[in-house]
Trainee: 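Below are the structure tokens for one structure; questions will follow.
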Amino acid sequence: MVSAEKYLPELGPEAEKRQAIEALCQGKPDALYLLSGISEIIDSETGEKGYKPGSYADVDWNDLMTGGKARALAIVELAQYFPEAVVAVNSSTFKVKDPTAPTDAEVMAEYVARQGVPYERIILQDKSTTTFTELIELVKCMAKYDWRHVVVIAGETQKGRTQLMLEQIASLQDPAGAWEEPEFRTALERVGEPKLKVNVVSSEDILPIRDGRYAKLIAAARNTGIWQKREQRDREAVEDLKAGSYWSK
């Protein structure tokens with residue numbers, strides 16, 4: 001007979017956390033996909049550029065709140081609960097303007113590795129520069145690596161926009177023409193199978209499960225102008241996606 005003491009670590013708060021995490025993720029994913037979010041930081045004394053996962057007070061290359069640090073911490077938390085899942089980090093935004101800048105994927109990979117995710121679990125995807133192209137690359141990765149269940153980690157304000165883009169991924173047509181890429185169209189046919197599953201999870205839903213103190217930090221961030229500006233922009237994007245006018249403005 002197995003001693004009940006063996007199961008004590010799975011009882012109480014830790015068991016509740018696991019149940020909450022698995023409910024958010026709708027089961028156990030085989031891949032965790034982190035939407036980009038880095039900020040350029042200028043040293044006030046030397047003028048040198050640096051890059052990091054942005055906080056709620058930092059901006060991205062579009063001068064909008066980043067929130068990338070929260071997303072990075074959220075994927076680290078999920079990686080602990082799903083040790084078999086691949087961790088994919090994304091994008092190359094600042095290199096568009098500055099060829100000497102690191103990719104978002106490189107910055108995020110270094111950060112999540114410092115937080116305890118082994119490098120061998122991390123995949124760097126550095127072809128994308130927007131949320132839409134991140135999702136295009138996601139479809140390609142699902143076909144390439146045969147991922148059957150993916151959790152996309154987004155910020156709270158961008159979650160709705162990301163979900164709608166995923167729902168419309170087969171019909172959206174960006175002006176840059178990424179939607180026409182043959183590899184993407186071929187991958188799209190494959191991942192359209194009913195058994196494949198992608199769900200978007202907010203970092204602001206994950207972090208309070210990790211530590212209740214995050215709830216106060218997030219509540220304070222929601223009251224800032226930088227958060228509200230980003231929230232308004234994402235809300236408008238959702239309306240444009242619903243109206244079929246996302247790239248018309």
Side-chain angles (χ1 to χ4, degrees), residues 14-38 53-56 65-91 104-105 108-109 111-112 115-117 121-123 125 128 130-132 134-139 141-142 145 147-169 191 195-215 217-219 221-222 227 230-231 234-235 237-238 241:
E14 187 58 33
E16 292 176 3
K17 283 185 178 182
R18 181 176 295 279
Q19 290 171 4
I21 290 291
E22 291 188 5
L24 276 175
C25 296
Q26 300 178 21
K28 297 181 179 180
D30 49 23
L32 304 169
Y33 198 79
L34 178 63
L35 296 188
S36 175
I38 70 168
S55 72
Y56 293 130
M65 182 189 75
T66 313
K69 182 178 180 181
R71 296 199 287 281
L73 289 172
I75 206 170
V76 169
E77 182 73 1
L78 294 186
Q80 293 178 354
Y81 283 95
F82 306 117
E84 302 301 317
V86 171
V87 174
V89 293
N90 287 280
S91 293
D104 298 41
M108 284 296 195
Y111 183 81
V112 300
Q115 298 297 318
V117 179
R121 288 184 63 186
I122 303 173
I123 292 177
Q125 184 285 110
S128 58
T130 65
T131 302
F132 179 63
E134 283 180 319
L135 298 181
I136 280 181
E137 294 302 321
L138 168 60
V139 172
C141 283
M142 291 180 72
Y145 299 113
W147 293 344
R148 310 301 295 182
H149 177 190
V150 181
V151 169
V152 174
I153 295 88
E156 179 176 290
T157 71
Q158 70 180 156
K159 179 180 176 180
R161 173 167 58 92
T162 303
Q163 287 178 322
L164 276 177
M165 281 187 167
L166 276 169
E167 292 171 11
Q168 300 177 23
I169 195 70
V191 303
K195 291 183 180 180
L196 296 174
K197 183 167 66 173
V198 180
N199 61 296
V200 183
V201 177
S202 162
S203 50
E204 285 70 33
D205 283 334
I206 297 167
L207 291 180
I209 298 174
R210 174 179 177 156
D211 189 322
R213 289 173 291 185
Y214 280 109
L217 186 153
I218 293 166
R222 290 189 185 113
W227 177 292
R230 178 66 189 253
E231 186 175 45
D234 282 326
R235 188 182 300 118
V238 166
L241 283 164

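The residues of the chain are indexed from 1 along the displayed sequence. Just so we're clear, the structure is a prediction, and the values are computed from it rather than from any experiment.
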Trainee: Give the intermediate values and the outcome of side-chain contact (heavy atoms from CB on, under 4.5 Å) for residues H149 and N199.
Mentor: CA-CA 8 Å; H149 177 190; N199 61 296; 3.1 Å; yes
Trainee: What pairs with R235 under side-chain contact (heavy atoms from CB on, under 4.5 Å), at least two apart in sequence or on another chain?
Mentor: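 side-chain contact (heavy atoms from CB on, under 4.5 Å) list for R235, sorted by chain: E231, Q232.
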Trainee: Work out which heavy atom in E22 is nearest to a heavy atom in K28; give both atom names and the distance.
Mentor: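 For E22 and K28, the tightest heavy-atom pair comes out as OE2-CE, 3.3 Å.
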Trainee: So do the side chains of Q163 and V152 get within less than 4.5 Å of each other, counting heavy atoms only?
Mentor: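 Answer no - side chains too far apart.
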Trainee: For K17 versus R210, what's the shortest heavy-atom pair and its separation?
Mentor: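 It is NZ-O, 3.1 Å.
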Trainee: Work out which heavy atom in G160 is nearest to a heavy atom in V238; give both atom names and the distance.
Mentor: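 Smallest interatomic distance, heavy atoms only, reads C-CG2, 3.9 Å.
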Trainee: Show your reasoning for whether side-chain contact (heavy atoms from CB on, under 4.5 Å) applies to L78 and I21.
Mentor: CA-CA 8 Å; L78 294 186; I21 290 291; 3.7 Å; yes
Trainee: State the CG-CG distance between D205 and L24, to the nearest 0.5 angstrom.
Mentor: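 If I round to the nearest 0.5 Å, the distance is 5.5 Å.
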Trainee: Within a strict 4.5 Å, meaning less than it, do heavy atoms of the V198 and M142 side chains meet?
Mentor: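 Counting from C-beta outward, V198 and M142 do come under 4.5 Å.
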Trainee: Testing the basics here: between R222 and E156, what is the closest heavy-atom pair and its distance to 0.1 Å?
Mentor: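 Minimum heavy-atom contact is NH2-OE1, 2.7 Å.
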Trainee: Report yes or no: does Y33 contribute a side-chain atom to a donor-acceptor pair with the main-chain N or O of L138 at less than 3.5 Å?
Mentor: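 Pair found, side chain donor or acceptor close to backbone of L138.
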Trainee: Side-chain contact, heavy-atom cut-off 4.5 Å: L241 with M165?
Mentor: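 Yes, at least one pair of side-chain atoms sits under 4.5 Å.
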Trainee: Rounded to the nearest 0.5 Å, how far apart are CD of Q125 and CD1 of I136?
Mentor: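 Reported value, rounded in 0.5 Å steps: 10.5 Å.
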Trainee: After noting the C-alpha distance and the side-chain angles of L207 and L217, does the key distance pass the side-chain contact (heavy atoms from CB on, under 4.5 Å) rule?
Mentor: CA-CA 10 Å; L207 291 180; L217 186 153; over 6 Å; no
Trainee: For Y56, which residues count as a side chain to side chain donor-acceptor pair (under 3.5 Å) partner, sequence neighbours excluded?
Mentor: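 Here the qualifying residues are E204.
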Trainee: With side chains defined as the heavy atoms from C-beta onward, is the minimum distance between T162 and L135 less than 4.5 Å?
Mentor: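 Yes, close enough: below the 4.5 Å cut-off.
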Trainee: Rounded to the nearest 0.5 Å, what separates atom OH in Y81 from atom SG in C25?
Mentor: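 Result: 11.0 Å between the selected atoms.
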Trainee: Start with the C-alpha gap between D234 and R161, add the side-chain angles, then the distance that decides, and say whether salt bridge (Lys or Arg N to Asp or Glu O under 4.0 Å) holds.
Mentor: CA-CA 7 Å; D234 282 326; R161 173 167 58 92; 2.9 Å; yes
Trainee: Side chains of M108 and S36: does their closest heavy-atom pair fall under 4.5 Å?
Mentor: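 A side-chain contact under 4.5 Å is absent here.
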Trainee: Grab the two heavy atoms, one from T66 and one from I38, that are nearest each other, plus how far apart they are.
Mentor: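 Between these two residues, the closest heavy atoms are CG2-N, 3.6 Å.
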Trainee: Below 4.5 Å, heavy atoms only, C-beta onward: do Y111 and L73 meet side chain to side chain?
Mentor: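 Counting from C-beta outward, Y111 and L73 do come under 4.5 Å.
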Trainee: Can you give me the closest heavy-atom contact between L34 and A72, atom names plus distance?
Mentor: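 Reported closest heavy-atom pair: CD1-N, 4.0 Å.
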Trainee: For the pair R148 (side chain) and K197 (backbone), establish whether a donor and an acceptor sit closer than 3.5 Å, ignoring hydrogens and angles.
Mentor: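 Such a contact is absent between R148 side chain and K197 backbone.
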Trainee: In Å, rounded to the nearest 0.5 Å, how long is the span from CG of L35 to OG1 of T130?
Mentor: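 Nearest 0.5 Å value for the CG-OG1 distance: 10.5 Å.
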Trainee: Got D30 and Y145 here, is their nearest side-chain heavy-atom distance under 4.5 Å?
Mentor: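 No, every pair of side-chain atoms sits at 4.5 Å or beyond.
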